[in-house]
Amino acid sequence: MATGSFSLPAREPFELASVALSHGWVQLKPFDYDPEAHALTYVASVNGAVTQVTITELVDRPGVSVTGDRRLSPSARSALGSQVTWMLGLDQDLAHFYELARGEPKLAHVIDGAHGRILRSGSFFEDTVKTILTTNTSWAGTKRMVAALVDRHGSQHPADADRHAFPTPAQLAAVDPAELREAGLGYRAPYISELARSIVAGETDLEGVCESTAGTDEIRKRLLAIKGIGGYAAAVLLMLLERYDFVPIDSWARTMVSREWHDGEPVGDAEIKAAFERWGTWQGLAYWFWAWSQA
DNA sequence: GGTAGACCTGGACGC
DNA sequence: GCGTCCAGGTCTACC
């Protein structure tokens with residue numbers, strides 16, 4: 001067996017903290033981030049074995065060091081390497097976005113700060129479930145629901161009963177929707193259950209969406225066909241797929257666009273779309289990293 | 001295609 | 001401490 005540590009290269013510019021703190025995912029289990037140590041941790045299921053992974057930034061070149069808390073076989077190391085590369089978008093090319101951002105004072109900060117990558121979970125299934133759990137609730141509610149899923153239904157770490165991986169589709173498909181409802185998911189419980197069962201039954205290929213070369217509109221249609229995914233959630237998931245053609249319009253977007261361009265007057269979807277339309281296929285990213293005048 | 005009401009939970013608020 | 005109201009996206013029924 002090989003040791004549990006290895007490194008992965010990243011395309012420049014890269015800063016681990018910029019990716020880790022790109023949105024709230026880092027606050028959701030099984031992620032954790034230590035700002036003092038600049039270390040991102042994630043409880044992963046690698047080839048069926050639960051491993052806590054610690055990711056730190058390399059000091060001598062762009063990239064990260066990945067350390068598992070157990071010895072990794074060559075195949076496990078390869079699988080984990082692919083997973084971490086995907087989660088951090090290490091090979092993502094944002095050169096065109098930076099070119100555009102250079103000419104916009106509200107986006108110029110993304111270049112120096114190496115912003116642009118958005119943290120992803122270990123699987124697109126996990127990202128989809130988490131996104132559904134962000135809808136129609138507070139952030140505290142999202143954290144509580146995700147924690148309930150992970151703690152109750154995720155595979156347990158062999159050395160620590162308090163640590164669990166995010167549950168697989170098979171694990172969630174086996175759970176009675178009523179139990180998910182009681183766990184605090186409320187009306188979202190049947191959505192999660194139906195999605196998990198559909199994947200297990202082979203009716204939905206969520207991970208295949210990541211590799212798809214289909215157009216963004218087609219991918220969006222597939223996402224909108226999932227119960228619980230509406231316009232906002234689809235836009236968030238498309239962003240995680242590096243497709244930035246849509247702005248995720250939620251209450252926060254309404255507030256910020258209203259303050260930025262409409263003197264606090266209420267705005268509709270049309271005004272929000274109009275505000276970022278000029279950024280074309282980068283408009284979602286422009287919105288995400290916009291330096292708003294008022295927080 | 002557009003709109004209204006329901007869904008569920010937790011936090012804020014008034015009494 | 002209790003009850004009420006509200007915010008947060010999406011779904012469904014209806015027009």
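Labels below follow one simple rule: chain letters A, B, ... track the order of the sequence lines, proteins then strands, and each chain is numbered from 1. Hydrogens, waters and symmetry mates play no part in the numbers below; they use all other heavy atoms, side chains included.
Phosphate proximity of B:dG10 to A:R144: present, with a side-chain N or O under 4.0 Å from OP1 or OP2. Taking only side-chain nitrogens and oxygens, A:S251 comes nearer than 4.0 Å to OP1 or OP2 of C:dG8.
Rounding to whole angstrom units, NZ of residue A:K143 and P of C:dG8 are separated by 17 Å. Between A:L180 atom CG and B:dC7 atom P the separation is 19 Å, expressed in whole Å. Between the CE atom of A:M145 and the P atom of C:dG9 there is a distance of 12 Å, rounded to whole Å. Across the protein-nucleic acid pair, A:L224 atom CG and C:dG9 atom P stand 16 Å apart, rounded to whole Å. Atom C1' of nucleotide C:dT10 and atom OH of A:Y187 are separated by 6 Å, given to the nearest angstrom. Going from atom NZ of A:K227 over to atom P of C:dT10 covers 15 Å, rounded to whole Å. The interatomic distance linking A:N136 (CG) with B:dC7 (P) rounds to 12 Å, in whole Å. Atom pair A:I226:CD1 and C:dT10:P shows a separation of 12 Å (rounding to whole Å applied).
Looking at heavy-atom distances under 4.0 Å, A:L185 makes no contact with the nucleic acid at all. As judged by a 4.0 angstrom heavy-atom cut-off over every strand, A:A233 is placed among residues touching the sugar-phosphate backbone only. If you check every strand for non-hydrogen atoms under 4.0 Å, A:G141 touches nothing.
Side-chain heavy atoms closer than 4.5 Å link hydrophobic residues (I, L, V, M, F, W, Y) into clusters, and following such links, even through other members, never connects A:F166 to A:V200.
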For residues 221-233 of chain A, which side-chain N or O atoms pair as donor and acceptor with protein atoms under 3.5 Å away, sequence neighbours left out?
none

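A 4.5 Å side-chain heavy-atom check between A:Y287 and A:I272 finds every atom pair outside the cut-off.
In terms of modelled atom types and a separation under 3.5 Å, the side chain of A:T255 and the main chain of A:S251 share a donor-acceptor contact.
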